[in-house]
Amino acid sequence: MKFTKMQGIGNDYVYVNCFEEKVEDPSALAIQVSDRHFGIGSDGLILICPSEVADCEMAMYNADGSRGEMCGNGVRCVGKYMYDYGLTDKTEITVETLAGIKTLQLFVENGKVAKVRVDMGSPILTPAEIPVVAEGDKAVDEPILVDGKEYHMTCVSMGNPHAVVYVDDVDNLPIEEIGPKFESHERFPRRVNTEFVKVLDRHTVQMRVWERGSAETLACGTGACAVAVSCILNGLTEDEVTVKLLGGDLEIQWDQEKNKVYMTGPATVVFDGELK
Ligand SMILES: N[C@H](CCC[C@H](N)C(=O)O)C(=O)O
């Protein structure tokens, strides 16, 4: 089976062109290819498939085989793949996902896509739709007890669930301990992606992320969007935010008039390969 390894600011996936290939059991394949010793090594698997309603469909699986409704870094790489590998010659394309149809603007340099701007749609703030167990119509600055310690979180869905937590020191955070405890906390019926954030100024934040189903990754596009929405809701930043992640920076804008979140960032091919 042919595959392409791609990464979006260090959030790396194995991509399979399912216009050409057939994948019987994507969850099992995701677990196999993600293993960084016995497999290819990645944060998960992304299938690029034909779609009835868009230029293609993105089916995303975490390293533990669970399906993610949306993947920000992944969808930018899907856009790059579609153009660079000749499946489209358009520089504006649509991608069907479990979080709805996303519109992508592809920025081409020397015949290849260098950067992608994604309309990530409207943030979802209603607890039942995130889902998170919380009273009221939003979970903003919401207390939660994790491992005996009280944190304050702001919960946002970009099609997939996120809990945003503000900390004073992102670099020395014991994320391997606290990340899993948030991920499988009882207040998240479908588990959760957790972002740990430090606000640097009104336009810049620093974050690390413990992803549902993939542990700590170098970057999370939907997470960066959730962080920007949370910062704006809590009055901590303006509507345009540079989110600094371990793997690089993403530019996030929440256009509150249209209630749309835009994410702009790079997409990179690492290598093409063949899996026996
Ligand atoms: N782990 C996420 C999916 C991948 C999201 C992330 N890699 C991104 O770039 O948005 C979930 O289960 O909801």
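Side chains included, hydrogens not; waters and symmetry mates left out as well; all remaining heavy atoms used. Along the sequence shown, residues are numbered consecutively beginning with 1.
- The closest side-chain heavy-atom distance from Ile9 to Pro266 is below 4.5 Å.
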### side-chain contact (heavy atoms from CB on, under 4.5 Å) assessment of Thr217 paired with Asn73
CA-CA 11 Å; Thr217 61; Asn73 290 313; over 6 Å; no

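- The closest side-chain heavy-atom distance from Lys5 to Ser42 is below 4.5 Å.
- Once rounded to the nearest 0.5 Å, the distance linking CG of Asp171 with CD of Gln206 reads 4.5 Å.
- The side-chain heavy atoms of Asn11 and Leu245, taken from C-beta on, include no pair separated by under 4.5 Å.
- Side chains of Cys77 and Tyr13 form no contact here, defined as non-hydrogen atoms less than 4.5 Å apart.
- Remark: the backbone N or O of Asp12 is paired with a side-chain donor or acceptor of Asp43 at under 3.5 angstrom.
- Contact of the Ile232 side chain with the Gln256 side chain is registered, since non-hydrogen atoms from C-beta on lie closer than 4.5 Å.
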### Task
Would you check, one step at a time, whether the test side-chain contact (heavy atoms from CB on, under 4.5 Å) holds for Val95 with Met82?
CA-CA 10 Å; Val95 179; Met82 288 293 288; 5.9 Å; no

### Task
Show your reasoning for whether side-chain contact (heavy atoms from CB on, under 4.5 Å) applies to Lys80 and Lys112.
CA-CA 8 Å; Lys80 176 175 178 66; Lys112 302 276 187 203; 4.0 Å; yes

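- Atom CG of Asp25 has more than 12 neighbouring heavy atoms from other residues, nucleotides or ligands inside a 6.0 Å radius.
- Annotation: the span from Arg117 atom CZ to Glu92 atom CD amounts to 10.0 Å, rounded to 0.5 Å.
- Ionic pairing of Arg187 and Glu142 is present here: one or more N-O contacts between side-chain nitrogen and carboxylate oxygen are shorter than 4.0 angstrom.
- With contacts defined as side-chain heavy-atom distances shorter than 4.5 Å, the pair Thr4/Asn17 does not qualify.
- Between Asp119 and Lys258, none of the side-chain N atoms (NZ, or NE/NH1/NH2) sits under 4.0 Å from a carboxylate O, so this pair counts as no salt bridge.
- Under a 3.5 Å cut-off, the side chain of Thr126 and the backbone N or O of Ala128 do not form any donor-acceptor pair.
- Around the CZ atom of Phe271, the shell of radius 6.0 Å holds more than 12 heavy atoms that belong to other residues, nucleotides or ligands.
- Here the side chain of Ser51 pairs no donor or acceptor atom with the backbone of Glu57 at under 3.5 angstrom.
- Between Glu24 and Lys22, the closest side-chain pair of non-hydrogen atoms falls below 4.5 Å.
- At distances below 3.5 Å, not a single donor-acceptor pair connects side-chain atoms of Gln32 with backbone N or O atoms of Gly39.
- Proximity of Gln7 to Leu218: side-chain heavy atoms (C-beta onward) are nowhere separated by under 4.5 Å.
- In this structure, the side chain of Asp239 does not engage the main chain of Gln253 through any donor-acceptor pair within 3.5 Å.
- Taking a 6.0 Å sphere around CD of Glu109, one finds it holds 12 or fewer heavy atoms contributed by other residues, nucleotides or ligands.
- Here the side chain of His185 pairs a donor or acceptor atom with the backbone of Leu145 at under 3.5 angstrom.
- Its side chain within the 4.5 Å cluster rule, Val53 clusters with Ile101 among the Ile, Leu, Val, Met, Phe, Trp and Tyr residues.
- A salt bridge is absent between Lys2 and Glu21: the closest approach of a Lys/Arg side-chain nitrogen to an acidic carboxylate oxygen does not fall below 4.0 angstrom.
- Remark: side-chain polar atoms of Asn193 are paired, donor with acceptor, to backbone N or O of Arg212 under 3.5 angstrom.
- If you check the side chains of Tyr166 and Ser230, you find a donor sitting under 3.5 Å from an acceptor.
- Shown here is Arg190, whose CZ atom has no more than 12 heavy atoms of other residues, nucleotides or ligands within 6.0 Å.
- Here the OG1-CG distance, from Thr94 to Leu104, works out to 8.5 Å after rounding to the nearest 0.5 Å.
- In this structure a side-chain-to-backbone donor-acceptor pair under 3.5 Å is missing from Ser214 to Asn62.
- The CG atom of Asp201 sits 10.0 Å away from the CD atom of Glu238 when rounded to the nearest 0.5 Å.
- When the shell of 6.0 Å around CD of Glu274 is examined, it contains more than 12 heavy atoms from other residues, nucleotides or ligands.
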### Pair Met70-Met120, side-chain contact (heavy atoms from CB on, under 4.5 Å): steps then yes or no
CA-CA 9 Å; Met70 179 54 193; Met120 298 289 281; 3.8 Å; yes

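- Thr222 contributes no side-chain N or O that, together with a main-chain N or O of Cys71, makes up a donor-acceptor pair within less than 3.5 Å.
- Val170 belongs to a hydrophobic cluster whose other members, connected by ILVMFWY side-chain contacts under 4.5 Å either directly or through intermediates, are Ile130, Val132, Ile144, Val146, Tyr151, Met153, Val165, Val167, Leu173, Ile175, Ile178, Phe182, Phe188, Val192, Phe196, Trp210.
- Although no hydrogens or angles enter the test, the distance criterion places no donor-acceptor pair under 3.5 Å between the side chain of Arg76 and the main chain of Thr264.
- Exactly one of Thr103, Val78, Leu106 qualifies for a side-chain contact (heavy atoms from CB on, under 4.5 Å) with Ile93. That residue is Leu106.
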